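Quick caveat: nothing in here was measured; it's all calculated off a predicted structure.
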Amino acid sequence: MKKTIIAKSRITTYITTLLVKKSGLILGLALLIFACEDPGEIGLNINPENGAFVARYVEIPIESKLVQHRDVLSDNTTRIDRSRTSNANDILRGDGRFLIGNVASSEIGKIEASAYASLYLSKIGFKGYDSVPSPYIFDSLKMFARVEYLNGNNMVTSQKIMVHELKDTLMIDSLYLTNSAQEYHDEPLGVFDFDLTSFDSIRVDTVLSTRLSDALGQRFMDDVQVDTLPFSSNPEFRKYFDGFAFVPAESNDMIVGIHAENNSTFVRMYFHSGIDTTFLDFVFDNAYTSDGDLLNKYFNRITVDKSGAPTHVITDYYTEFETEDAYSYINGGTGIFTKLDFSPFYDVLDTVDYLVINRAELVANVKAWQNNMPPSASLNLYAVDQSNRFISDTNPETMQVTYRTLGGVGLDVDSEDNGIYAGNVTSFIQGLSDGSVEYSSALVGQGGLWNSVLSVNQTVIEKEEILLKVYYSSLK
């Protein structure tokens, strides 16, 4: 028998009542109440002859607001976890990314991204030499960059990324955030200039290249032949050369993600002696000493101008704001989150004496998007304190920072390109039910915000279609 009850706060409850005989009661409990063979084990006094086992399904509308963080972790240090291994070659590594460009999003605002990176001296292709022998003559200095991410709208023909020399060294022991800044010299060392009339004209895994300043290359060549100290170790080389800034042209209307690790993006110095030509590589990879100490550094700076966008209602950081339209917004790189309030679940608890959570799901409809500006493929629910700051855990030895998560949702797209987020939040809701979880709110944002692989995907969800679906069991 099934009936529908409309409870307060638009909560919809579906009840299925199963009349249970004495022999069937134990089986029902075993299947649906965590395999308890004796009802007394969960503190219930039951008369099996007259009892009825009830399975309920409830849909709870979840209210949302916008919260913006002042900054987000954006450097490669956050991904170090030396506690997982004693072998430096097996240290936890991620796929680092440089984000460079501009995007004028009608939902989020104008987003600008630039990247800053030190170099790691690699001897790949250099015949194992510790220094460049004096007979060799400098030829050229080139930079190669592999594209792994694209996000934009109008797609003007020409996109440019200027490469500048930093004025100061990035500090290995410092944490860099999306609002961090680094000074660089005005004159660019080189420019990536590529045409992009549509997304199909340049694809992920495309390798861009540019010739860097001959003066810089000759400086490297001259100095290493006179004094090998700067090229004797990476700490010494970092003192010698501060690194690069990657800055977009103002006319750019897309953001490019450059793969920063695994020798995908690097600088190569060519030189020769007679007919013998060779090269020396400098890379941006996460490089470590034998003890697991980081040898280089990079981070992304990301800013947003919310003028004219629905997110303009956000006028302060870590504060909740209501949107003026029917949507809520999420953007990982700019620190814009949707805050969800799960406290209406307590209304269900108030109506049920004994309750066991079988499953809980969070679902949310996604607003249609442009093909070249998709929403995030997955989102995490982050635990926050009363000031809307992440509840985080930091390893004091490795400086690895992780944010406490309460679950996550993934994007599912049907044949008509309609999108919906859905995910399992059973543990979180069970914690609210038994009191082991103290916070009933969560910030929803890009997954893995502690690992520096940021995106600027614009995620827009329908406020009226954010539902918590709870399947639970109780005894009538």
Side-chain angles (χ1 to χ4, degrees), residues 4-16 28-36 41-44 53-65 67 320 328 330 337-366 378-386 388 390-391 393 402-412 420-445 447 461-476:
T4 302
I5 298 175
I6 306 299
K8 59 183 178 179
S9 302
R10 294 173 51 230
I11 297 174
T12 305
T13 303
Y14 303 93
I15 302 176
T16 300
L29 289 170
L31 290 176
L32 296 175
I33 308 186
F34 298 133
C36 289
E41 293 181 9
I42 56 173
L44 301 179
F53 186 79
V54 182
R56 288 182 171 90
Y57 159 68
V58 58
E59 286 186 354
I60 306 173
I62 300 298
E63 294 185 356
S64 65
K65 294 184 179 180
V67 173
E320 299 167 22
S328 197
I330 299 168
F337 299 89
T338 285
K339 183 175 183 179
L340 300 183
D341 178 13
F342 292 89
S343 61
F345 175 67
Y346 293 131
D347 293 340
V348 175
L349 295 181
D350 290 342
T351 64
V352 181
D353 291 331
Y354 302 103
L355 175 149
V356 174
I357 305 297
N358 298 321
R359 180 175 175 81
E361 296 177 345
L362 179 67
V363 297
N365 286 354
V366 184
S378 63
L379 301 171
N380 276 357
L381 277 67
Y382 295 98
V384 291
D385 59 22
Q386 293 183 345
N388 288 319
F390 292 128
I391 297 175
D393 300 298
T402 56
Y403 300 141
R404 202 169 299 172
T405 57
L406 305 173
V409 294
L411 179 64
D412 186 25
I420 186 170
Y421 282 110
N424 190 327
V425 292
T426 305
S427 295
F428 172 42
I429 299 304
Q430 180 62 50
L432 292 182
S433 176
D434 62 26
S436 61
V437 173
E438 300 176 357
Y439 24 81
S440 60
S441 298
L443 293 187
V444 183
I461 55 180
E462 300 176 15
K463 289 194 298 187
E464 295 298 318
E465 297 298 330
I466 305 174
L467 297 175
L468 174 64
K469 299 182 177 182
V470 182
Y471 303 81
Y472 65 97
S473 303
S474 63
L475 290 170
K476 187 175 180 180

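- Rounding to the nearest 0.5 Å places OG of S328 at 11.5 Å from CD of E464.
- Within a 6.0 Å radius of CD in E462, more than 12 heavy atoms belonging to other residues, nucleotides or ligands are found.
- In terms of heavy atoms, N358 sits closest to S473 at ND2-OG, 2.6 Å.
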(Q) Let's go through F342 and L381 carefully: what are the C-alpha distance in whole Å and the side-chain angles of both, what is the deciding distance for side-chain contact (heavy atoms from CB on, under 4.5 Å) to 0.1 Å, and is it a yes or a no? (A) CA-CA 12 Å; F342 292 89; L381 277 67; 3.8 Å; yes
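- Atom CZ of residue F390 and atom OH of residue Y403 lie 5.5 Å apart, to the nearest 0.5 angstrom.
- Ring centroid separation for the pair F345 and Y472 does not come in under the 6.0 Å cut-off.
- In plain terms, the two heavy atoms of V409 and G423 that are nearest each other are CG1-N, 3.5 Å.
- Side-chain contact between V470 and V348 is absent, with no heavy atoms from C-beta onward closer than 4.5 Å.
- S474 OG to L355 CG: the interatomic distance, rounded to the nearest 0.5 Å, is 6.5 Å.
- Note that OG of S441 is 9.5 Å distant from CD1 of I62, once rounded to the nearest 0.5 Å.
- For N380 (side chain) and Y382 (main-chain N/O), no donor-acceptor pair under 3.5 Å exists by modelled atom type.
- Distance check: E361 CD to I429 CD1 gives 11.5 Å after rounding to the nearest 0.5 Å.
- Here the closest heavy-atom approach between residue A360 and residue T426 is recorded as N-OG1, 3.0 Å.
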Q. Checking side-chain contact (heavy atoms from CB on, under 4.5 Å) for the pair L362/F428: CA distance, chi angles, key distance, verdict?
A. CA-CA 11 Å; L362 179 67; F428 172 42; over 6 Å; no
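- Of the inter-residue distances, the one linking L443 atom CG with T338 atom OG1 reads 9.0 Å to the nearest 0.5 angstrom.
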Q: Kindly determine whether Y439 and L406 satisfy side-chain contact (heavy atoms from CB on, under 4.5 Å), including the steps that lead there.
A: CA-CA 10 Å; Y439 24 81; L406 305 173; 3.5 Å; yes
Q. Between I466 and L340, does a side-chain contact (heavy atoms from CB on, under 4.5 Å) hold up when you go through it step by step?
A. CA-CA 9 Å; I466 305 174; L340 300 183; 4.0 Å; yes
